[in-house]
Every structure is written in C-alpha cells, then in structure tokens.
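For reference, the structure discussed in these notes is given below.
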Amino acid sequence: MKEQFNMFAGEQGDEEPAQAAIELSASKLPKDWQALLEAEFDQPYMKSLQAFLTAEQEQGKTIYPPADQIFTAFNLTPLSGVKVVILGQDPYHGSGQAHGLSFSVPNSVTKLPPSLKNIYKELNTDLGLPIATKGDLSYWAEQGVLLLNAMLTVEAKNAGSHQKNGWEVFTDQVIQLLSQRCEGVVFVLWGSYAQKKAALIDDSKHLVLKGIHPSPLSAYRGFFGSKPFSFINQYLGEVKKTGIDWSI
C-alpha cells in the first residue's frame, strides 16, 4: 500500500492542490473507536473500498474530504462521549466544503449550504439562538454530537459517486455497534434515506428522532417547527446527561 504522504494530482482543469493518498486504517481513529471498529478494517468490503479509492485517485479524480479529514467525526467525538448522532448521506462535493462532519463546512466557506442554513433557522425558532453565519459544527462534535455521513468520501462535483462501494457497510456497523454498546443516545434521522437506518437501532434504550430533511426541497413540509434541538436536550436531561449547547 502506498504511504499516506504520497501525492496525487487533482482533476485536469481544476486548481485543486495535490491530494494525499487515502489510507483506510484503524490507526486513523482514536483509541476507543479503534478498539470497537478495528475488525472492520480487515473485512473484504473494506479492502475493496480501499482499492476503489486508490484507483479513483490514480485516475486523477479529486476526492473530498481531504485524506486526513475522512474520519474527523470520530476524532472529534470520542466513543465514550457520544450523546447524539446526526446522520447525513454524502459529504459535500464542492471545493473546500467537506471536512468530515455531516452538514458542517469549514468557517472559510462563506456561502453556507442551504440545508445548514435551514438548520440554523430552526435553531433560531426552537431555542432563540442567533442565526449563525459560520458553518463549522466542530463545537457540537466536541460535546458529543457524532456528525456522521453514511458515505465518508465523494468525488468532486459528483454527488453520490461513492455510494455502494463499502462505506454504507462500515457506517451501518458504526450505528449498530453504538446501539448495542451505548445507552441513551439520540439518533437524529432526517429524511427518508436516514430513516431507513432506524432498523439498526434499539429504540427501547435510545431515542430515534425521525424528521423531515432540512433541504430546501422539503424543509417547509415539517422540518421547520419540529423543534428537534429542544427535544434532544429534554431527552438527554431525562437520561441524566448534560444537554448540548447548540450555539455556533
């Protein structure tokens, strides 16, 4: 396997910086996640996923997020501290947007994605928080909100391009293991894709919060006014956990 510091060129015509080679390894995870998920990295599906990602990079395709940010969600939210899981589908596929957290973008991104803007609008309605202008949700992650996408990589400008190559198997296993090993976690499933993951979760010991996706295509059909953030904190209080400070 190539060393992680090997570099690949970006897409022809793009002014993307050269990319570090993607290396799928349990060593990229913090110790507690590593102990839980190490066996997954030896599974055939993960070997196949590694081969797919390597081939994509060798063809000169740009992949988001950068290699060192693919597992950001795990690195910012220790297993022992998971209180909430907010499940997304794909990383953002625009330049500079994806950084390993669902719905989140780095603060250097000045034009916020529409779904994130709608999340901020609902936060304002629900909790009275000012509508944020920055997109980095790391502060939530550091408090125990696992911002997990079902796919952890995507090709630039090609939404959904890494579906059905193994990531879903990995992230389904993450959800299932969290359900089995933890108690009193809130699983936030916005939209029909995420709601299918409810089958992996034991709702007798966790809160499964299903809702409309915050996308502009659907937010007005029930996301606005759903007050998910106050529901989450109410539940966390009931199970004797500290609520989340949802400010940005």
Side-chain angles (χ1 to χ4, degrees), residues 1-79 86-109 113 135-138 140-142 146-174:
M1 182 180 295
K2 294 179 175 65
E3 296 296 329
Q4 73 177 94
F5 54 78
N6 284 357
M7 309 300 280
F8 293 105
E11 293 181 317
Q12 288 187 352
D14 283 351
E15 293 183 1
E16 295 285 349
Q19 290 200 307
I22 294 171
E23 180 188 354
L24 302 181
S25 167
S27 66
K28 306 299 180 185
L29 304 175
K31 295 295 184 185
D32 56 356
W33 282 112
Q34 195 175 128
L36 184 69
L37 298 171
E38 191 166 20
E40 295 303 305
F41 289 85
D42 294 324
Q43 297 300 315
Y45 80 84
M46 189 64 81
K47 307 285 190 187
S48 176
L49 176 58
Q50 174 70 74
F52 165 75
L53 293 171
T54 298
E56 292 289 283
Q57 287 192 303
E58 288 177 344
Q59 291 171 35
K61 295 180 181 179
T62 298
I63 294 175
Y64 299 135
D68 62 351
Q69 296 175 22
I70 289 172
F71 296 110
T72 298
F74 301 93
N75 284 296
L76 289 185
T77 309
L79 173 61
I86 298 181
L87 187 68
Q89 187 168 351
D90 250 352
Y92 295 119
H93 56 88
S95 179
Q97 292 182 314
H99 66 151
L101 302 174
S102 62
F103 294 99
S104 178
V105 292
N107 285 339
S108 57
V109 175
D136 190 342
L137 305 181
S138 294
W140 296 1
E142 290 162 355
L146 183 67
L147 296 166
L148 181 68
N149 279 315
M151 271 67 65
L152 299 189
T153 58
V154 69
E155 181 187 344
K157 304 178 184 178
N158 191 3
S161 51
H162 289 186
Q163 291 181 17
K164 299 180 180 178
N165 283 289
W167 277 130
E168 299 98 322
V169 181
F170 177 72
T171 54
D172 280 0
Q173 185 70 350
V174 170

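Position 1 is the first residue of the sequence, and the numbers go up from there.
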State whether the side chain of [X] and the backbone N or O of [Y] hold a donor-acceptor pair below 3.5 Å, judged by distance alone.
X: Tyr92; Y: Phe103; result: yes
X: Gln34; Y: Leu29; result: yes
X: Ser161; Y: Val154; result: no
X: Asp90; Y: Gly160; result: yes
X: Gln59; Y: Thr54; result: no
X: Gln50; Y: Met46; result: no
X: Asn165; Y: Gln163; result: yes
X: Glu40; Y: Gln173; result: no
X: Glu38; Y: Ala35; result: no
X: Asp32; Y: Leu79; result: yes

Minimal non-hydrogen separation, [X] against [Y], with atom names:
X: Pro65; Y: Ala98; answer: CB-O, 3.5 Å
X: Pro30; Y: Asn75; answer: CD-OD1, 3.2 Å
X: Ile63; Y: Gln57; answer: CD1-CG, 3.7 Å
X: Ala67; Y: Ala20; answer: CB-O, 3.7 Å
X: Gly96; Y: Val109; answer: O-CG2, 3.4 Å

Could you check if a side-chain atom of [X] sits within less than 4.5 angstrom of a side-chain atom of [Y], using non-hydrogen atoms only?
X: Thr171; Y: Asn149; answer: no
X: Phe74; Y: Leu37; answer: yes
X: Val105; Y: Pro113; answer: yes
X: Thr62; Y: Gln19; answer: yes
X: Trp167; Y: Ile70; answer: yes
X: Leu148; Y: Val174; answer: yes

Nearest-0.5 Å distance that lies between atom [atom1] in [X] and atom [atom2] in [Y]:
X: Leu101; Y: Asp136; atom1: CG; atom2: CG; answer: 7.0 Å
X: Glu168; Y: Gln89; atom1: CD; atom2: CD; answer: 8.5 Å
X: Lys47; Y: Leu24; atom1: NZ; atom2: CG; answer: 10.0 Å
X: Glu56; Y: Asn158; atom1: CD; atom2: CG; answer: 9.0 Å
X: Glu155; Y: Tyr64; atom1: CD; atom2: OH; answer: 10.0 Å

What do the steps show when you test Ser138 against Leu76 for side-chain contact (heavy atoms from CB on, under 4.5 Å), and what is the final call? CA-CA 7 Å; Ser138 294; Leu76 289 185; 3.6 Å; yes
Looking at the rings of Tyr45 and Phe170, which for Trp means the six-membered one, are their centres under 6.0 Å apart?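 No, they do not, as the ring centres are separated by 6.0 Å or more.
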Strictly under 6.0 Å, is that where the ring centroids of Phe52 and His162 end up?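 Yes; His162 has its ring centre under 6.0 Å from that of Phe52.
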Residue pair Ser104 / His99, side-chain donor-acceptor N/O under 3.5 Å: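 On atom types as modelled, these side chains qualify, holding a pair under 3.5 Å.
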